[in-house]
Structures are given as C-alpha cells and as structure tokens.
2 protein chains.
Amino acid sequence: MSLERYLPVFDWGRRYDRAALTGDLVAAVIVTIMLIPQSLAYAMLAGLPPVAGLYASILPLALYAIFGTSRSLAVGPVAVISLLTASAAGAVAVPGSAAYIEATVALALLSGAILLAMGLFRLGFLANLLSHPVISGFITASGLLIAASQVRHVLGVSAGGGTFPETIQALLVALPETNWPTLVIGGATIGFLFYARSRLPYVLRRAGMPERRAALLARTAPVVAVVLSILAVILLGLAGRGVAVVGDVPRGLPPLSLPGADLALWARLLPAAFLISVVGFVESVSVAQTLAAKKRQSIRPDQELIGIGMANLAAAVSAGYPVTGGFARSVVNHDAGAETPAAGAYTAIGIALASLFLTPLLRNLPVAVLAATIIVAVLSLVDFGALLRTWRYSRIDFIAMAGTILVTLGVGVEAGILAGVSLSLLLHLWRGSRPHVAEIGQVPGTRHFRNRLRHDVAMDPSVLSLRIDSSIWFGNARAVEDVLQDAVAGRHRLRHLVLNCAAVNSVDASALESLERSRARLADQGIALHLSEVKGPVMDRLARTDFIEHLGGTVFLSHHEAMTALAPDMTALADAAPRPVIDARRPSPERPALPD
Amino acid sequence: MSLERYLPVFDWGRRYDRAALTGDLVAAVIVTIMLIPQSLAYAMLAGLPPVAGLYASILPLALYAIFGTSRSLAVGPVAVISLLTASAAGAVAVPGSAAYIEATVALALLSGAILLAMGLFRLGFLANLLSHPVISGFITASGLLIAASQVRHVLGVSAGGGTFPETIQALLVALPETNWPTLVIGGATIGFLFYARSRLPYVLRRAGMPERRAALLARTAPVVAVVLSILAVILLGLAGRGVAVVGDVPRGLPPLSLPGADLALWARLLPAAFLISVVGFVESVSVAQTLAAKKRQSIRPDQELIGIGMANLAAAVSAGYPVTGGFARSVVNHDAGAETPAAGAYTAIGIALASLFLTPLLRNLPVAVLAATIIVAVLSLVDFGALLRTWRYSRIDFIAMAGTILVTLGVGVEAGILAGVSLSLLLHLWRGSRPHVAEIGQVPGTRHFRNRLRHDVAMDPSVLSLRIDSSIWFGNARAVEDVLQDAVAGRHRLRHLVLNCAAVNSVDASALESLERSRARLADQGIALHLSEVKGPVMDRLARTDFIEHLGGTVFLSHHEAMTALAPDMTALADAAPRPVIDARRPSPERPALPD
C-alpha cells in the first residue's frame, strides 16, 4: 500500500492493457509533435538556448509518469513558469551567460526540493493562500507581459524589457528599425495561428471531420507554421535578409550532471524558487483536477507535489529548467486519448528521439515564428471577462485581482504574486472585522426568524433579538460590543436581549471578554442577556469558563423557544398568523428601518 | 458641535461647578503626591535623568485635559512605554548621551504625530490587531523584563541588560559585588511596599477607616518610602557608603523648545514610534473604558487618539518623553474623586510646583528605592493566571499569548509585539481554513436540526443534510469541496444534498467556483444540490451570478421546509414524535458516528 501511495505507477501499471497502450501511444505521438516548437519557444522565453526546452521535456515527463497521480497531465516547460524563471535568473546573472544557465538549473533543483518537501510533509494546503481571483489576475497579467516581451522578435528589433510600461516604451522607440521580412513572417504566423484556433475547427467540421479530430488537428497548427517557415527561410534565403533564426541546436540526449552546491546562489534564489513551486503546483493541480473530473477520476494533491517535485529534480540533473503541468499540452494529451501517465513517458521518448534526429532541421527556424506561437498561446490566457464578473460579484475579490494585475505589470512577477496574496489575506481579515448584525423578528406563521429590514416580521418591544452574522474574534470583538451598545441605546422598554448565535462559528478569548463586558454593561442598564442556537463547538468552550454561570439570562436551544419564554403573547399571535409567501430565491433587499 | 467634538473641554467645561472643582482638586493633590516618585522612577527606567519624568507629567497632562474624553484617565510616563522607549532609543544612541535624550524626544514627537493622524483619519480600529491574549502576554513579559532590569539598582551593582536571560545571567555574575546598605534599603522598601499593597488596606479598615480611604492611603506608600529613605541617607550618611542617590535634580519648569528635524533619525525611529503609539493607545483606551463603564460614562476612542497624541507632542516640546494613560495613576485619580479631566490639569500644576520647589529635597533619594517602587508596581502586572485560563479556553489564543511572552523575553519588546500580532493573525487565518461541517438531522418533535454526532436526530437515507459552520473563502474553499466529496462517497441511495447555510456568513469568488465545481460533480453522480437558510447578504451576491439558475436544486427558506419537500414521510414522522429533553446549557459531546 505504501509503495503504491508514493509510486502511483504501481497502481495503474498493474492494470495496463492493450487498449491503454494504444491510447497512450497515439496521444504521445500527437503531443510530441505539438511540444517540439512549444518547448523551443518557452526556453527562449526563459532566456535559455532553445534546446533547454527539449531537455526539460524528456526526463521530467518520465519521472512524473512514475510519481504522479493524474492520468492526463503533461509536464514540461510552461509560459508562466518560464517567465518566473527568466525573472529570477535575470536578477542574479546576465541572460545568456553560463551563470544564467547555472541559475536556472539551480531554480529547478530548489523548486524540486521544495515541492518534494511540501508533498512529504503534506503542506499542499499552502497553495490555498492563492485565491482564484489572484491566480486569474496573475495569469492575465503574465500573459500580457509575455506577449509584450515577444513582440520584439516579431518586429526583428532589439529592445529592452522590464516592467510592462518599460517594455511598451522600448518597443515604440525601436519601431523604426523593424525588419520587414521578419514582421511579415511573424505577422503571417500570428494570423495563421489565430485562424487555426478560432475558425479552422469549424471549417474542418463542416468538411465532415469529427469534432475531436478537428480540434486536435487545429492544435497542430504551430507545427505547420514551423515547417512552412523553415522552408520559406531556406528557399527565399531569408536568413541573409535580417530574419533571425534559431541557429545550431545541439544533437543528442540531455547531458546528465549533478548541479554544484552553491549555497550563496541558492540562498538568493530560494524565495523565487518558492514562488515558482507554489505557482507551478497551483496551475498543475487545477489542470489535473479539471481533467480528472471529466473522467470521474481523482488526484491526490500531496502526491502531485511529489510528482512535480521529482520532475523538477530530473530537470535539474538533465540540463533543463523549472517545469510543471501545462494546460494546453495536458488538454491535447487528454483529448488525444491518453489513458495513463505512460503517455507522458512515451512523449518523453518521442522528444528524446527528436533531440537525437530532428534538431539539425531546426537550424533555419525563424525566431519570429517561435515568438508568434508564444504570443498566440498566452493571449488566450488573458481573461478580462473574469475581471468584470468578479467586479459584479465581490468588490473585495476585484480589488485583490486588479491589484495583482497592476503590480505584476508595473513592478514584476514576484511582486505581483506577493501583492496578490497579501492583499487577499488583508482584505479577508478586514471583511471579517466588520460584523453584520441583524435585528431579527418572527416570520408570521413559522418558527423562523429573519432580518426585520428584509421581511415583515413580528417583534416585541421588551425583547431585542440580534443575530450576529460572524464569528467573534479579536478583530471584530470591539465592533460587536459597540453594536450591542448602540442597539439598546434609547430603548427604554427593553428588558431582554437575545443573541442568536446560529452564525457565530467561534468565540475567541478576546471575544469572550467583550461578551462579558457587554453582559455587565447590559446588566447595569437592567437588560438581561440571553443566547440562542449556540453551536456545539462554541458551547464546548464556553462551558469551560464561568461565562454561562454569570450570564444571568438563559441559553435557549432555538430562537423560537427564547421568544416563547420571554414574549409569550407576541409569539402566540405570530405562530397563529397566516404565513406570507416568500420566494427564497429572490433576495429581499434591505429597506430602511421603520420607526418603532 | 465640531468644536466640542475635537476639544472636549468645551463639553464638560460648560457644566463645571463647585462640586466638580472640589472633587478634582482633592484628586489632584493625592495623584500629585503619588506621581512624584513614580515619574522619577519611570524616567530612570527609560534611561533618562529623573527630571524628565517630572517634565513628562506636566504639559502632557494639561493638553490631555483639553483634548481627551475620559473623566478619570491620568496621563504620563508608564512602565511599559518607558521600557519601549529605552529599547528604541538604546538602539540608536548610547544611554545617557545627548543623542539618547534627543532620540526620546523624537520618539515623543513621532508618536504624537502618529496618534494624531490615526485619530483624525479614524484609524483607531488598527488597535484591534492586538488581541487581548497578546496584550496580556506582552504586559506580563514586560513586567518580568522591567523587574529584572531594576534588580541591579537594588543590589547596588552594575550589570548589563538585554534579553531576559542575558539580564539574569549578568545579575548572577555581579552578585558578589552587592552593596549591602543598598540591598538593605532596597529590600526593606520592597517589603514595605508589598505589605502596603496587600495587608495595609485590611489593617486600616479593621482600624475603622472607610474602604476607599484605606485603599488610597495604602497607595501613597511609595511616598512614605521616599521620605523615610531620604531621611535615612542624610542621617546615616549612606551616600558615602556606596548607596547610589538620584543626585542633583534641576529646579524649574520644563524648558520649552521645538525638537530639530532630523529626518534620518526619524526614519530609524518610526517603526518603534508606531509600536509605542499603538501599545500606548491600547493600554490607555482599555483603562479609560473600564473606568468610564463604572460611572456609566463613555469615551470616544478616535478622540482619545487625538488627546494622547497632543499629550505626546506636548512632551516633545517640553523635554519629556512618550506618555500615555496609566492604569495605577488613573485608578487613584478615579478613586480619589476626580470629576472631570480638569483634575489632570490641576495635577500638572501640582507637579510643576514640585519641580519648582521640591526638587532640591530629592538629592538624597536612593536609586534603590525608586527601583523598588518599579519592581513592586510591575510585578502586579504579571498575570500567569491569564495564561492558565487561556489554555483552558482556547489553545490557539494560548499559543499566541505564550509566543508573545517567549519572544518578548528572549528577543525583545518590539519583536515580541510583532510576533504576537503575526501569530494571532496567522492562527486566526489557520482556524478559518479548517471548516467544521456537521451532518444534521431533525430533533424529533421540533422543527430544529442539530448535529447527528451530538443529538439523537431523525434522518432520511436519500437526503444528506450538511451544515457548514464557516464562511467559505479561498482559504477553506478546497477543504469544503473535499468534505462534500467525502460525505457522499459510498452512499448509493443518496439523491439529494442540502447545504444548510445558516452559518455561512459570506461566500467569496473562489468559494463560488468551488461550489459550482461541487454542484457539477454531484450532478455527475446523480445527486441534486439544494441550499437552505441562505443569509440575505450572501443571497444578494449569489443572485448577481448564474449560480442559482444552474443549481438545479432548490433554495429553501428553512431547513424544515427542505426536508418536508425532499423527505416528506420521514419529516412527518419526526414532527409527530415526542420531543426529547435537551438542556442547551450542557453541551452534548460529540459521539462517534453510528453506522448507517
């Protein structure tokens, strides 16, 4: 059992049959074809020689096949992680230098170790610190950043990078030096790829092709662009006309070597490695869960950490760089019929074969074409619709999302993630410090109590019923005290205050003291404090103190019991009254309170 | 109205009458007598010449009388703030140097400005970041730190300071050099003061004195100790026998001067000044609220910020150092009959007179006696009982309290407060990320639903009722998904899942997506998802999305309605069954779940 737990290959491996083999092989062929240009492009995005992308797609995939739990996930270089890698390595070394490559390998090593540790110690929940609006905003901003950083390759100019405004500015300055053949090739590729994404599947289906095959075929468009552009460069001699090409790509399998232990470098890269680990894990797990749900399968997040961790360690020893499960490649893998993680292992073999035999063919591949594939791929990540939907649903989540986007574009990727996490946590704390307290009354004809500002309810002038819609903790304890105090001000006929605690999920030590102070103050004013519908866990704790003995008032099991005991006449009338029609689906808006 | 709001003196000043004048004058006399040795002692604790304590008790008190809202609060140097001042100034200058004094004045200026800004911008809620366990732990640890730092004055040795272990170690090393006359004087004073605190009020009451007067008289014990020790030094020539004395205390009123603008120094001191402001505000407001409650008065925390801020600015221009409302002096002020803040102004005059005329008499005051008054005063702040009570009530609050104590003792005061705030916020977030979800059933004979693990309830095998005892946010959204998934696993007869949302106070954007995913997964498994008792604010938001349309299931107003609709037979039986006796005061413990 333990072996299967940590090496899932022994789980699905035992049931491997011919059908699975066929599905996996077919998927591997398709994914390999798709991955070759993509790996080269993402390596370029990471500031590395293109062959690093191929290396990062061989051994890591194989190790994920042994340790991972997702049947559909395809692991390798992805856009956002390549961006984070470039940012981190660029901070400690000059892009293109040996020190830079050493830094990317170190990032893969550190990231793998961190992921492995998180998996073994079950720290996967740390990924929950990234709320969905923050992730979405970060990916949107990253998409814009990446696309902007690739435009110079399409224009054939050299322009600086940096923050989004800086990149745009540098591009505008460099515009006059545009190399026209490069722009034509790059622009045509962009146009072709966008067409392939949006119109081609429809055209193929109209021509009679089944939907799934049409979609897969459309996804191989980048390969077509690569082949056609290589031919164009060779036949039209474009390399001599200013079109930058990939150049010589080393033949052969990745060199295996243990990275040197440079503790000073590791210390500098550790924060970035941690970010890469968490972002990579979050992206990978969400892809894996989405695809697993379609097939009623499930994944184990803590084992996924181990799987991706081992993949990154493999990248570190095979001249790769940080990797994770990618969305596009995993969807293709899934749709192409992958049955088990073995598909990933076969893909690794396919890429290895490509490194051995196909790489000389890539010499004349225009860089602009690789950049075009990146631009088209990441612009599909940009989701401004999510911004609008979040604005409509929750201003707080919108602030976190917009803040993440602005800081990522304006300062950088690490700052953007940190700003997003901090903002969302601070806003969550702030929201929890402003308790919603509703004065409730009886809905006639029922034993149910609702907000007087939303429903026509029956109330008694000698009993005030307040429902506290929040756990009480030190951040809102004082506010709750003030609300209680304000609520009884001026109500001279009041003799009882019943706190409905159905929504009070916890009462911490500071809150307990606040309640005690409130009780004393109310007692001074001749008002008895009662509680109703106190939850089990809360009552467990309160019972360990003398709060209940000092309460004076009663703890009622239900609010209706409380009102029956304290205002029997009003309650009897309300019980017997006709029941109004309330549609629970249509929320009743809060109306201004009528004077008593 | 606006004038009275920001200058409360115009509020109570208009109703000033002879009775108030008498009460205030009497209180002022008593407090002045008590404050003289205390101010000298606390200045020494802050590493300043004793006269700084007197200066800090004159103009600041007068300004609080104009701007403050508490009728009983007495403002001036207090133990914990003196400690924080010594720690902050000692980090930027050598104690005793001119630069050190300049730093303490700068701290008062910065602290005053910060408090003023917080008051004007209504940022008083920031003080809620300090939970009561953290404050209590910090004060306990500070008390121990301060007492340890004063022991060397009682022994008459010179020993280093630093963290608590370092201080204890230095004392042990310096023990052999104890000066016996100093130890005798200091020890006798400590003994006398402890007797005066604990036994003397009882003895005086037995002798027929009214309780309040007995307590007040006992509080003037430090003055008696001062007078007697001065006489002893003069008559026995103790100064020549190694007993350190206060020495020359300058006569005269505090010199008024604007502190120079040293931006570099201010930048270094700003964090400490912020801590001093927040701690001072928290201590002062809690004292003020406690005393105001006894007289059915109220204070306005945002105006209190302005009052104490102005007091600190006054200290900065009159050679003082950071001040705030003190517990002991305010209690004495209150018990001695202060009616209005004017009592503070009269006290200021009293201390000014003392600075003009009494200071020559203090030349022979032994430092050991001042140290003894500090030791006795702060040891009363140490509250290990709170530690035990918090352990019993809430482990989380205990961890925050214990962590604060350990870091304050082991590292320092600033680190201690920061550790406390961080720990309590992190623990609060952690607690919120582990949602309690209860499977509920109907309590027979009622329309009430409770946890099946705590009560005997009726349930139907085709309907699963889950009550989520938590707001759903990004920190716990995934956990909620997992709980829902695990809850339905293996229950083949299940057709409906009703989520009781009575305790779900908010659903953020990430949570909305989680619920949508859960709904889809349940639908795949042939289980319909319904909601019951959704709160108004939550429904408002959900209605702005298409979640409710896609729900498939129904939103019920009450859980009983849900069960009546989905499991009518079971519900009818349960409605008619006899009602069990449940004592809501005695929490039913969770029992292990019986097999279905």
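Order of the sequence lines fixes the chain letters, A, B, ..., with proteins taken first and strands second; residue numbering starts at 1 for each chain. Atom set for the values below is all heavy atoms of this structure, side chains included, hydrogens, waters and symmetry mates excluded.
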What part of B:Leu542 gets within 4.5 angstrom of chain A, counting heavy atoms only: side chain, backbone, both, or neither? both
Quick check for you: among A:Val507, A:Val538, A:Leu531, which has the greatest number of heavy-atom pairs under 4.5 Å with chain B? A:Val507
Between A:Arg454 and B:Asp540 (salt bridge meaning N to carboxylate O under 4.0 Å), is one present in this structure? yes
Spacing of B:Glu513 atom CD and A:Ser286 atom OG [to the nearest 0.5 Å]: 10.0 Å
Which residues pass the side-chain hydrogen bond (donor to acceptor under 3.5 Å, both in side chains) test with A:Glu561, sequence neighbours left out? B:Arg579
Please report the interatomic distance OG(A:Ser558) to CZ(B:Arg447), rounded to the nearest 0.5 Å. 12.0 Å
Could you tell me which portion of A:Leu129 (side chain, backbone, both or neither) has an atom closer than 4.5 angstrom to a non-hydrogen atom of chain B? backbone
Where on B:Val134 is there a heavy atom nearer than 4.5 Å to chain A: the side chain, the backbone, both, or neither? neither
Measure distances from A:Ser506 to the heavy atoms of chain B and classify the residue's part below 4.5 Å as side chain, backbone, both or neither. side chain
Ring-plane angle category for A:His428 and B:Trp473, please: parallel below 30°, perpendicular beyond 60°, tilted otherwise. parallel
Contact origin within B:Asn128 toward chain A - heavy atom pairs under 4.5 Å: both
Segment of B:Arg467 engaging chain A (4.5 angstrom heavy-atom cut-off): side chain
B:Gln485, part contacting chain A, at a heavy-atom distance under 4.5 Å: neither
Contact origin within B:Arg478 toward chain A - heavy atom pairs under 4.5 Å: side chain
Using side-chain heavy atoms (C-beta onward) and a distance below 4.5 Å, is B:His436 in contact with A:Asn505? no
What part of B:Leu425 gets closer than 4.5 Å to chain A, counting heavy atoms only: side chain, backbone, both or neither? both
What's the separation between atom OG in A:Ser510 and atom CG in B:Asp397, rounded to the nearest 0.5 Å? 6.0 Å
Can you tell me which of B:Ser424, B:Ala520, B:Ser471 forms the most heavy-atom pairs within a distance under 4.5 Å of chain A? B:Ser424
Who wins among A:Ala400, A:Ser433, A:Gly475 for the most heavy-atom pairs under 4.5 Å with chain B? A:Gly475
Do other residues, nucleotides or ligands put more than 12 heavy atoms under 6.0 Å from the CZ atom of B:Arg544? yes
In chain order, what residues pass the side-chain hydrogen bond (donor to acceptor under 3.5 Å, both in side chains) check against A:Arg450, with sequence neighbours excluded? none
Taking B:Ala509, B:Cys501, B:Ala502, B:Ser394 one by one, which has the highest count of heavy-atom pairs under 4.5 Å against chain A? B:Ala509
Best-contacting candidate, B:Lys535, B:Arg521, B:Arg431, against chain A by heavy atom pairs under 4.5 angstrom: B:Lys535
Heavy-atom pairs under 4.5 Å with chain B, option from A:Glu533, A:Arg517, A:Met401, A:Gln525 with the top count: A:Glu533
Expected output: side-chain A:His448 to main-chain B:Leu557 donor-acceptor under 3.5 Å: yes
Does a side-chain heavy-atom distance below 4.5 Å link B:Asp508 with A:Ile396? no
Given B:Asn476, B:Leu512, B:Thr390, B:Ile135, the one with more heavy-atom pairs under 4.5 angstrom with chain A than any other is B:Leu512
Let me know if B:Thr545 has heavy atoms under 4.5 Å from chain A in its side chain, its backbone, both or neither. side chain
